[in-house]
Amino acid sequence: MTDPQHLDSDSTSARPPRPVSRRTVLKATAAGALVIPAGVATACGTADEARSPGTRRDRPMLTHGVAAGGITASGALIWARSNTPARMIVETAATESFANPRRFTGPQVTPRSDGTGRMRIAGLEPGRQVHYRVTMEGENGAQSEPVTGVLVTAPTAPQDIRFVWSGDVVGQGWGINPDMGGMTIFGAMADKHPDFFIHSGDAIYADGPVAPTQKQNDGKIYRSQTAAAKDQPAQTLDQFRGNYAYNLTDSHYRRFNSTVAQIVQWDDHEVINNWFPGENLAGQEREGYTEMNVDALAGRARQAWTEWQPVELGDRNRLYRKVSYGPLLDVFVLDMRTFKDPNPNAWAASNDAGILGEEQTAWLIDELGRSTATWKVIANDLPISIVVPDKATREPGRRPSMEAIAQGDDARPLGREIAFSRILSATKDVTGMVFLTADVHYTAAISYSPDRAGFTDFAPFWEFVSGPLHAGAFPTSPLDGTFGARYEFVHAPTEADTSPAEGFQHFGEVTIGKDERTMTVDLCDASGKSLYRKVLQPT
């Protein structure tokens, strides 16, 4: 473990942020007149009290801001939500004045999708900042107040790149706290002016109710805003939807969504802690659950996830995909839930499918081999070598069940490690591979080397861990030595479930310079201060 304040002596000059004017930021922060979901109490009062007194009640309102995702060199996916059936309209322009805007008429949003709408816009210039604004047009022709946002399209030529990543929002019952000013870490990330954000999963804690108060480790009382959807674990579609709506009552989160495009993964808490396909909850200690079929829960959760996030599913509705971001960067977004084998199988001597499934494993090997980008970032929402037990599914007389890839045996690959040994071996000649993850609720830099590994047929690489964004923070977990993992830096509390008010909230920042082509990774605290920096050189 390294001193938390250490900065690696290697350094590189980060490119200056693309400017976003104060006017744009303020408009994005306001994000229209927020319509608060039924049952949500806020620092501003009830939904009726929060509504602007001058708002016409016969026209639509955008209720939770705007967001962008699906970024390419020429287009993007825009997300918004209306409080009433309406048609989604998006305008784009080069500046916030919206002189000569391009207009895109999109879908009719209805209660069938919980009022959410997504529209792909095209014909944008590569590597440029794009201003967009969304309005909703009601059936009577009345239009909502517009809500504005900003995005940056992917470049086609070498260009400085900055992005951030993290995960885990409103976990362990730590809700939006007005005494803290809300989820301010999202404001700190927005202030970095990144080109995009990799959300490494656990965007909600569907299994984590939020009570009005909760006692912290230091004895102080933590106070949360509450909502009907957060009174119990989510089991119905509307309860899953309500978890996303709750998070977006935070103004910092809405500002971040409107100024930073997203690449979104899902993990376990979008459904239930440590879940895997085919799991049955009968016999487990899962308080508040009446639905025992995890696949049924996952189906409802996936629908809510696709409705409330700026995402569009790839071929055959698959969640894993490659995002090309110019000649310097490809991002490989993994799906470590849909094909996951049962957690008790962690010690199996043969397991080719593992956590990704055969098809995704082959896809990752092939796409990494084809990539010509200088840097290949693999967004793995579960860590490779951090040991993460699953107590809920441990079977009597058997070794512990495992939630992630490793199980704590330092020798040859077992269980899900077998598939990853195939991946690492098949790509050992691929340069510029870096893994980015979250999940464990602390931040860390982990180096991997065959010189100290139980399995040696791979090239050295790095994995960087970040989080949580707004959840309980946890002490450092042990590493499995199968792939020669070693902590080079860790910032974690000594007590379990440390509240956001007590610190240890994190995000990571990555900067790639167009000239030197180096990758600089900063592990940051909730204020945006860098706790650790590592500069990786291109090969």
Side-chain angles (χ1 to χ4, degrees), residues 13-32 62 65-80 89-104 106 118-135 146-165 186-199 252-264 310-311 323-331 507 509-515 520 528:
S13 58
R15 67 153 170 82
R18 290 185 173 88
V20 178
S21 76
R22 177 173 174 80
R23 177 183 171 195
T24 296
V25 169
L26 290 173
K27 290 167 75 176
T29 303
L62 277 79
V66 294
I71 297 296
T72 67
S74 61
L77 189 77
I78 306 300
W79 176 95
I89 298 169
V90 178
E91 294 174 292
T92 63
T95 67
E96 64 181 351
S97 67
F98 284 91
N100 302 314
R102 295 185 62 201
R103 179 183 171 97
F104 301 83
R118 293 168 296 164
M119 178 167 55
R120 175 154 285 282
I121 56 176
L124 306 179
E125 294 291 325
R128 298 289 183 87
Q129 185 181 82
V130 177
H131 293 260
Y132 67 93
R133 65 185 176 195
V134 182
T135 54
V147 178
T148 61
V150 183
L151 62 88
V152 180
T153 55
T156 55
Q159 182 171 295
D160 292 345
I161 298 169
R162 176 186 286 120
F163 68 91
V164 291
W165 93 94
F186 283 96
M189 289 195 296
D191 290 342
K192 295 283 187 177
H193 303 292
D195 298 319
F196 61 89
F197 170 57
I198 299 176
H199 201 312
H252 303 288
Y253 202 168
R254 295 197 311 278
R255 175 166 80 91
F256 178 77
N257 274 6
S258 66
T259 55
V260 183
Q262 301 178 48
I263 299 171
V264 186
V311 295
V323 178
S324 296
Y325 209 81
L328 296 180
L329 176 65
D330 281 339
V331 179
F507 66 91
E509 179 183 13
V510 176
T511 305
I512 301 173
K514 68 175 181 178
D515 297 324
T520 302

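One is the number of the first residue; the rest follow in order along the sequence.
Across all non-hydrogen atoms, the minimal contact from I71 to A76 is CD1-CB, 3.5 Å. Smallest separation of non-hydrogen atoms from L328 and G513: CD1-O, 4.1 Å. Minimum interatomic distance between A68 and I78 (heavy atoms only, all atoms of both residues): CB-CD1, 4.0 Å. Closest of all the heavy-atom pairs between R120 and G70 is NH2-O, 2.6 Å. Contact detail for P194 and M189: the closest heavy-atom pair is CD-O, 3.3 Å. Heavy-atom minimum distance, Q129 versus V150: CG-CG1, 3.4 Å.
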Going through the checks in order, is the side-chain contact (heavy atoms from CB on, under 4.5 Å) test met by D191 and R255? CA-CA 10 Å; D191 290 342; R255 175 166 80 91; 3.3 Å; yes
Passes side-chain contact (heavy atoms from CB on, under 4.5 Å), I198 versus V331? Steps please. CA-CA 9 Å; I198 299 176; V331 179; 4.0 Å; yes
Taking it one step at a time, do V311 and R118 satisfy side-chain contact (heavy atoms from CB on, under 4.5 Å)? CA-CA 8 Å; V311 295; R118 293 168 296 164; 4.3 Å; yes
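Between the side chain of K192 and the backbone N or O of G528 there is at least one donor-acceptor pair closer than 3.5 Å. Of the possible donor and acceptor atoms, one in the side chain of D195 sits under 3.5 Å from a partner among the backbone N and O of R162. Listed for the T153 side chain is a donor-acceptor partner under 3.5 Å among the backbone atoms of E125.
D515 CG to D160 CG: the interatomic distance, rounded to the nearest 0.5 Å, is 7.0 Å. Note that CH2 of W165 and CD of E509 are 9.5 Å apart. Values are rounded to the nearest 0.5 Å. Taking OG from S258 and OH from Y132, the interatomic distance works out to 6.0 Å, rounded to the nearest 0.5 Å.
In this structure, F197 has its ring center no closer than 6.0 Å to that of F507.
The shortest side-chain heavy-atom distance between H131 and T148 does not fall under the 4.5 Å cut-off. You'll find the side chain of Y325 reaches within 4.5 Å of the side chain of I161, heavy atoms only. Side-chain contact between L124 and T92 is present, with heavy atoms from C-beta onward closer than 4.5 Å. Side-chain contact between V66 and W79 is absent, with no heavy-atom pair separated by less than 4.5 Å. In this structure, the side chains of F196 and I263 come closer than 4.5 Å at one or more pairs of heavy atoms. Here the side chains of I512 and L329 are in contact, with some heavy-atom distance below 4.5 Å. Side-chain atoms of F104 and I89, non-hydrogen and from C-beta on, never get closer than 4.5 Å to each other. Annotation: side chain of V134 is in contact with side chain of L62 (closest heavy-atom distance under 4.5 Å).
Under the side chain to side chain contact (heavy atoms under 4.5 Å, CB included) criterion, P126 pairs with A73, T156, sequence neighbours left out. S324 meets the side chain to side chain contact (heavy atoms under 4.5 Å, CB included) test with K322, D330; sequence neighbours excluded.
Using a 4.0 Å cut-off between charged side-chain N and carboxylate O, E91 and R102 make no salt bridge.
Cation-pi geometry between R133 and F98 is met: the NZ or CZ atom falls under 6.0 Å from the ring centre, inside 45° of the normal.
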